[in-house]
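Everything below concerns the one structure shown next.
Residue numbers begin at 1 in each chain, while the letters A, B, ... track the order of the sequences. In this text the structure is predicted, and so the values were computed from the model without any measurement.
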Amino acid sequence: MKLFRNCGNFFLGLPAFVWLLIFYALPAIVIFFIVFKPVDSNGGIGEGWTLQAVCELKDPSYPAIMWRTFWQGIVSTFVCIAISIPICYQLARISNVKIKNFFLLLIVVPFWTNFLIRIYAWKVFLHPDGALKHLLVWMGVIPQSTMLLYNQWAVLAVMIYTYIPFAVLPIYSVAEKFDFSLLDAAKDLGASSFYAFRKVFLPGISKGVLTAVMVVLIPAFGAYLIPDLVGGKDSHLVGDMIARRVFTDRNLPHASALSAVLMIAVFLPLVAFIWFRKIFGTKSPDDAKLQLKQQDTKQRLGSSLLFTSDTNVSQNQQKGEEANE
Amino acid sequence: MEILRFENITKKYGQNTVLEDVSFSINAGEVFSLLGPSGCGKTTLLRICGGFEPCDSGRVILDGVDITDQPPNERAVRTVFQNYALFPHMTVWDNVAFGLKATGVDPKTINEEVPKYLELVQLSGFENRKPGQLSGGQRQRVAIARALINKPKVLLLDEPLAALDLKLRQRMLIELDTLHDNVGITFIFVTHDQQEAMSISDHIAVLKSGKIKQIGTPTELYEAPKSSFVAAFIGDTNFFEGTVTNLDGDYCDLQIEDFPLLHLYNDKNVKEGALVHISIRPEKFSVYATKPEKTNPKTNLLFGKVEEVIYLGAHTRYWIRVQDWRISVIKQHYGYALDERSIKWGDFVWLSFEADNAYMLDQYLEDDEELLALPDLD
């Protein structure tokens with residue numbers, strides 16, 4: 001019976017496995033191979049093996065680009081989550097389902113518009129002749145010469161704008177299930193609103209936040225369209241460098257080498273994330289049950305008569321489990 | 001000495017009045033129960049007291065201080081929530097220590113206090129468990145320890161036993177009572193279960209539709225209910241409607257339609273000809289298989305037919321038809337029940353009760369019909 005059930009699980013998981021293998025694992029392996037191939041004169045891949053592409057990574061402009069990719073990724077992730085948490089807190093507290101769905105819709109609606117069009121909207125907004133520039137100059141906040149567009153700040157702003165829904169959705173899905181009476185309990189015990197938020201709400205939604213970090217950080221590290229469109233000379237990221245190597249230079253091994261670096265950089269936090277979950281995440285229910293059993297046995301020996309009914313419960317439970325076995 | 005006073009509390013949700021001009025006070029150190037059917041406003045009153053719900057008008061006075069506008073974290077009042085609201089990501093220790101940490105108590109004191117309170121609720125040795133690894137009763141004890149550690153003036157318990165099974169509920173009730181004796185803090189206990197309220201409380205306030213129906217000790221409420229609602233909500237009872245005739249000092253006769261004339265104690269000094277409602281508790285009747293000697297002129301004797309018998313070990317319930325009325329009767333088995341001549345379905349029996357054991361109600365409400373109706377046996 002058990003074997004059959006496992007077989008069923010295997011077949012259910014098969015399509016996803018094949019999909020990942022064909023469209024994710026195999027291309028990744030191919031990329032790692034191309035790193036060690038030479039370029040041919042037509043912009044394709046030559047014969048034999050070489051370390052040339054790896055050596056080319058020593059380009060003096062790269063450390064700055066990598067550092068920028070790194071910090072912009074981290075900062076945009078941090079800002080996205082910092083904005084999303086209060087949004088999700090408020091959203092989850094709305095009791096009227098209609099209003100709640102309306103606000104959720106507002107967050108999801110941008111997805112219905114093409115990504116490129118949204119970036120072009122930002123270009124119009126930040127344009128030297130755009131509304132924001134005129135307003136800020138008129139208010140005297142910035143001089144006429146300041147550029148709002150084509151710099152790393154524009155890239156950062158658009159990245160944050162783009163990735164906020166990615167952060168909101170996983171955090172909201174957890175916040176929605178959060179038991180807000182816990183905040184009442186915390187306040188009842190003398191905690192200030194902020195203390196209760198920090199010590200009870202944030203730990204309560206930590207799983208959603210961890211997921212949000214992953215789903216924002218990974219695309220943020222790989223962003224290439226945004227720096228390409230709203231960035232300037234000094235705001236390249238690894239993502240658009242790869243695109244440039246592929247489309248402009250036709251140097252596939254070089255692009256592959258950069259991709260490999262990026263993949264490793266993304267892979268490391270993912271491993272850290274899984275490791276973190278293993279260490280700090282909740283144990284599997286079986287573990288908890290086992291522990292409960294053991295501790296109840298201990299308690300039964302030392303418990304007073306008044307409280308024996310509790311242990312009776314676990315005794316019965318234990319009996320039931322034994323019967324199942 | 002008074003510790004908590006509600007003054008003219010009114011609360012509305014839109015058109016719906018949840019509490020209407022509720023005023024009463026609670027003595028320091030007692031167990032005070034708010035008892036009522038669901039939707040009577042008892043939990044709302046508790047939430048107003050805890051500071052989770054603002055009231056539309058009225059004041060809450062705690063130990064002489066008006067706390068109506070204080071936020072929950074500034075009130076010397078703690079709540080044990082119905083679902084316990086333990087912090088799932090914290091251990092038992094951290095849950096209990098939370099109140100101290102949140103109010104900035106130094107770690108040394110925390111390390112001294114937490115074991116004391118864990119000991120008090122008999123949870124020593126459970127410090128490192130998470131709430132998910134505890135049984136229902138243990139979780140409740142964590143919630144109580146957590147609430148008591150700040151030494152509140154009043155502990156509010158919102159249906160604390162509702163989530164437990166029957167056996168455990170009875171145990172926890174005894175345990176709560178012991179705990180109350182040990183800590184001496186005023187407990188306000190919200191429940192819809194009259195037995196719970198009766199067994200633990202010094203005073204009970206019976207609520208209905210946002211209004212206080214009666215406040216008193218359990219015995220007062222049981223023996224001298226002011227209204228048919230209280231009489232029917234607390235325990236079982238028999239209601240009769242009749243006209244007062246034949247005044248005789250402190251006693252009178254009651255003429256009930258299609259029923260023998262009853263001789264009663266006229267404790268309300270009702271005038272002749274007045275329409276009154278009386279409540280007679282089932283255990284006030286005695287059942288006899290043969291006609292007893294009428295030794296006391298104040299004893300009422302009735303003759304009827306047994307319509308239903310429910311044997312419950314310690315006592316037996318009978319429903320006995322006396323003319324047009326069906327009377328609920330409880331017979332305690334003082335002697336060895338197998339030796340007694342048993343009273344069976346269809347037997348003709350004699351009922352007796354003393355004139356002093358009936359009680360006249362101040363108020364008899366038509367809209368309470370459903371509560372008063374005896375189960376339909378036909």
Side-chain angles (χ1 to χ4, degrees), chain A residues 95 177-207 280-317, chain B residues 47 50-52 71-90 94-96 98-105 121-126 128-130 132-138 141 143 146-147 149-150 152 156 164-165 167-172 174-175 178:
Chain A
S95 50
K177 292 186 200 89
F178 182 78
D179 177 7
F180 281 94
S181 71
L182 293 180
L183 290 183
D184 276 353
K187 279 182 211 162
D188 182 74
L189 292 165
S192 64
S193 297
F194 181 64
Y195 189 89
F197 184 85
R198 203 158 51 92
K199 292 286 184 182
V200 178
F201 184 70
L202 285 188
I205 59 162
S206 61
K207 270 190 186 159
F280 298 103
T282 45
K283 286 173 190 149
S284 74
D286 291 338
D287 286 355
K289 233 185 233 168
L290 192 71
Q291 221 174 340
L292 190 65
K293 250 193 216 176
Q294 288 165 348
Q295 290 188 12
D296 266 326
T297 320
K298 261 187 246 160
Q299 191 226 355
R300 210 177 304 151
L301 295 173
S303 66
S304 71
L305 194 65
L306 190 62
F307 296 121
T308 45
S309 74
D310 282 7
T311 46
N312 283 343
V313 172
S314 63
Q315 254 174 329
N316 293 341
Q317 195 183 327
Chain B
R47 288 181 66 80
F52 306 115
N73 50 333
E74 286 170 25
R75 301 180 177 206
V77 164
R78 295 286 175 265
T79 312
V80 174
F81 292 85
Q82 188 170 0
N83 60 359
Y84 311 141
L86 298 181
F87 306 125
H89 60 286
M90 293 184 195
D94 289 330
N95 264 288
V96 175
F98 187 89
L100 296 177
K101 281 184 188 161
T103 45
V105 174
V121 295
Q122 311 225 11
L123 277 179
S124 306
F126 287 74
N128 296 322
R129 288 225 210 156
K130 296 270 180 74
Q133 297 165 291
L134 297 176
S135 68
Q138 289 167 341
R141 279 185 254 144
R146 186 178 72 168
I149 202 161
N150 281 89
L156 311 175
L164 305 176
D165 59 70
K167 264 269 166 63
L168 193 53
R169 209 181 304 160
Q170 289 165 348
R171 252 174 228 286
M172 287 308 293
I174 300 168
E175 199 179 318
T178 316

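- In this structure, the separation between CG on A/Asp179 and CZ on B/Phe81 is 9.5 Å, given to the nearest 0.5 Å.
- Annotation for B/Thr103 and A/Leu189: closest pair CG2-O, 4.3 Å, computed over non-hydrogen atoms.
- Considering all non-hydrogen atoms of both residues, A/Ala185 and B/Arg146 come closest at CB-NH2, 3.7 Å.
- Atom-to-atom distance recorded for A/Leu183:CG and B/Phe87:CZ is 8.0 Å, nearest 0.5 angstrom.
- Applying the side chain to side chain contact (heavy atoms under 4.5 Å, CB included) rule to B/Glu74 yields the partners B/Gln70, B/Pro71; only residues at least two apart in sequence or on another chain are considered.
- Judged as a salt bridge (charged side-chain N to carboxylate O under 4.0 Å, His left out), and not counting sequence neighbours, the contacts of B/Arg47 are A/Asp184, B/Glu53.
- Of all residues spanning residues 192-199 of chain A, those with a heavy atom less than 4.5 Å away from chain B's heavy atoms are A/Ser192, A/Tyr195, A/Lys199, arranged by number.
- Most heavy-atom pairs under 4.5 Å with chain B: of the set A/Gly190, A/Gly204, A/Ser206, A/Pro203, this distinction falls to A/Gly190.
- The shortest side-chain heavy-atom distance between A/Asp188 and B/Leu156 does not fall under the 4.5 Å cut-off.
- Evaluation of the salt bridge (charged side-chain N to carboxylate O under 4.0 Å, His left out) rule for A/Lys177 yields no partner, not counting sequence neighbours.
- Across A/Ala191 and B/Phe98, no two heavy atoms sit closer than the pair CB-CE2, 3.8 Å.
- Contact tally against chain A (heavy-atom pairs below 4.5 Å) for B/Ala143, B/Ala147, B/Gly99, B/Gly51: the top residue is B/Gly99.
- For B/Leu86, the part lying under 4.5 angstrom from a heavy atom of chain A is the backbone only.
- Neither the backbone nor the side chain of B/Val80 comes within contact range of chain A; no heavy atom of the residue lies under 4.5 Å from a heavy atom of that chain.
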